[in-house]
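Reading through the structure tokens given below for one structure.
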Amino acid sequence: QVQLVESGGGLVQAGGSLRLSCAASGRTLSMYVMGWFRQAPGKEREFVTGISRSGDRTDRADFVKGRFSISRDNAKNTVYLQMNSLKPEDTAVYYCAAASSPFLTVVDTTRSRYTYWGQGTQVTVSS
């Protein structure tokens, strides 16, 4: 099993930036496709962005293209989400998740593929 702990959330004004971190323990992070999801009040949890095991491929939802980027440091067992040009509609709890995969360059965008989840970190963007 792998345990995931997110950090870096907080309150920021519209147009600002935040960097979320997801630290993994229990197993080496390089075994997993990693993803970030978010859930706003009253809404379903949705895919934000993901990164392949190798780190060579990423995928992201249309609503964050050009603003958010994901990266990973397998040596540090950590995944990052850099969020720029934040908007009030980005307000949500952000979750880090891990999906087992035999492939090095595949990115999973489907929520059900992710087995392990962090507890989430709140991001609030004020207008």
Side-chain angles (χ1 to χ4, degrees):
Q1 287 195 350
V2 61
Q3 292 78 43
L4 304 172
V5 178
E6 303 96 334
S7 62
L11 174 64
V12 64
Q13 288 188 334
S17 298
L18 280 175
R19 188 193 195 203
L20 305 184
S21 298
C22 173
S25 61
R27 298 190 72 175
T28 178
L29 204 61
S30 62
M31 300 292 293
Y32 299 93
V33 174
M34 298 302 297
W36 286 96
F37 291 74
R38 71 184 187 185
Q39 187 166 17
K43 294 189 176 181
E44 294 287 320
R45 192 172 298 187
E46 61 183 355
F47 174 79
V48 175
T49 183
I51 188 167
S52 64
R53 287 176 54 195
S54 65
D56 292 340
R57 291 192 63 182
T58 64
D59 198 356
R60 65 200 71 180
D62 287 343
F63 56 77
V64 300
K65 284 183 179 178
R67 301 189 299 125
F68 292 10
S69 62
I70 186 172
S71 60
R72 67 190 299 161
D73 186 336
N74 286 341
K76 294 183 177 180
N77 254 19
T78 303
V79 176
Y80 305 96
L81 177 63
Q82 179 66 43
M83 305 187 293
N84 300 324
S85 302
L86 282 160
K87 305 175 182 180
E89 51 264 43
D90 293 320
T91 295
V93 177
Y94 283 72
Y95 297 90
C96 172
S100 298
S101 175
F103 307 109
L104 289 174
T105 58
V106 168
V107 181
D108 287 302
T109 63
T110 304
R111 175 182 168 183
S112 61
R113 282 282 298 123
Y114 288 82
T115 306
Y116 303 105
W117 293 82
Q119 82 289 351
T121 185
Q122 176 70 45
V123 172
T124 302
V125 184
S126 63
S127 57

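This one's a predicted model, so the numbers in the text were calculated from it and none came from an experiment.
- For Y95 and Y114, the gap between ring centers reaches or exceeds 6.0 Å.
- The backbone N or O of A75 sits less than 3.5 Å from a side-chain atom of D73, completing a donor-acceptor pair.
- Cluster membership check: V106 does not share its hydrophobic cluster with V48, using side-chain heavy-atom separations under 4.5 Å among Ile, Leu, Val, Met, Phe, Trp and Tyr.
- V107 and I51 make their closest contact through CG1-N, 3.9 Å (heavy atoms, listed as atom of the first residue, atom of the second, distance).
- At a threshold of 4.5 Å between non-hydrogen side-chain atoms, the residues W117 and R45 count as touching.
- Nearest heavy-atom pair, T109 versus D59, reported as atom, atom and distance to 0.1 Å: CG2-OD2, 3.3 Å.
- The cluster map of Ile, Leu, Val, Met, Phe, Trp and Tyr, joined by side-chain heavy atoms under 4.5 Å apart, puts V64 and M34 in the same cluster.
- Residue A92 comes nearest to R38 through the heavy atom pair CB-CB, 3.9 Å, listed as atom of the first residue, atom of the second, then distance.
- Taking all atoms of both residues into account, the shortest heavy-atom contact from D108 to A99 is OD2-CB, 4.0 Å.
- S69 OG to M83 CE: the interatomic distance, rounded to the nearest 0.5 Å, is 10.5 Å.
- Counting heavy atoms from C-beta on, the side chains of L81 and V79 never come closer than 4.5 Å.
- Within the 4.5 Å cutoff, side-chain heavy atoms of T91 are placed close to those of Q122.
- E89 is not listed as a side-chain neighbour of F63, based on a closest heavy-atom distance of 4.5 Å or more.
- Residues Q119 and V5 have side chains in contact (heavy-atom distance under 4.5 Å, counting atoms from C-beta outward).
- Panel note: side chain R72, backbone S52; a donor-acceptor pair is recorded below 3.5 Å.
- No donor-acceptor distance shorter than 3.5 angstrom exists from the side chain of S127 to the backbone of P88, with no hydrogens or angles considered.
- Among all heavy-atom pairs drawn from S54 and T105, the shortest one is OG-CG2, 3.8 Å.
- Side-chain atoms of S101 never come within 3.5 Å of backbone atoms of Y32 as a donor-acceptor pair (strictly under, hydrogens ignored).
- Y80 belongs to no multi-residue hydrophobic cluster, having no ILVMFWY side-chain contact under 4.5 Å with any other such residue.
- The closest side-chain heavy-atom distance from R67 to D90 is below 4.5 Å.
- For F68, there are no ring-ring contact (aromatic ring centres under 6.0 Å, His included) partners at least two apart in sequence or on another chain.
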Show every donor-acceptor pair shorter than 3.5 Å between a side-chain atom in residues 9-30 and any protein atom, with sequence neighbours excluded, or say none if there are none.
from: S17; atom 1: OG; to: N84; atom 2: OD1; distance (Å): 2.9
from: T28; atom 1: OG1; to: S30; atom 2: OG; distance (Å): 3.2

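- Residues C96 and W36 have side chains in contact (heavy-atom distance under 4.5 Å, counting atoms from C-beta outward).
- Cluster membership check: V93 does not share its hydrophobic cluster with V123, using side-chain heavy-atom separations under 4.5 Å among Ile, Leu, Val, Met, Phe, Trp and Tyr.
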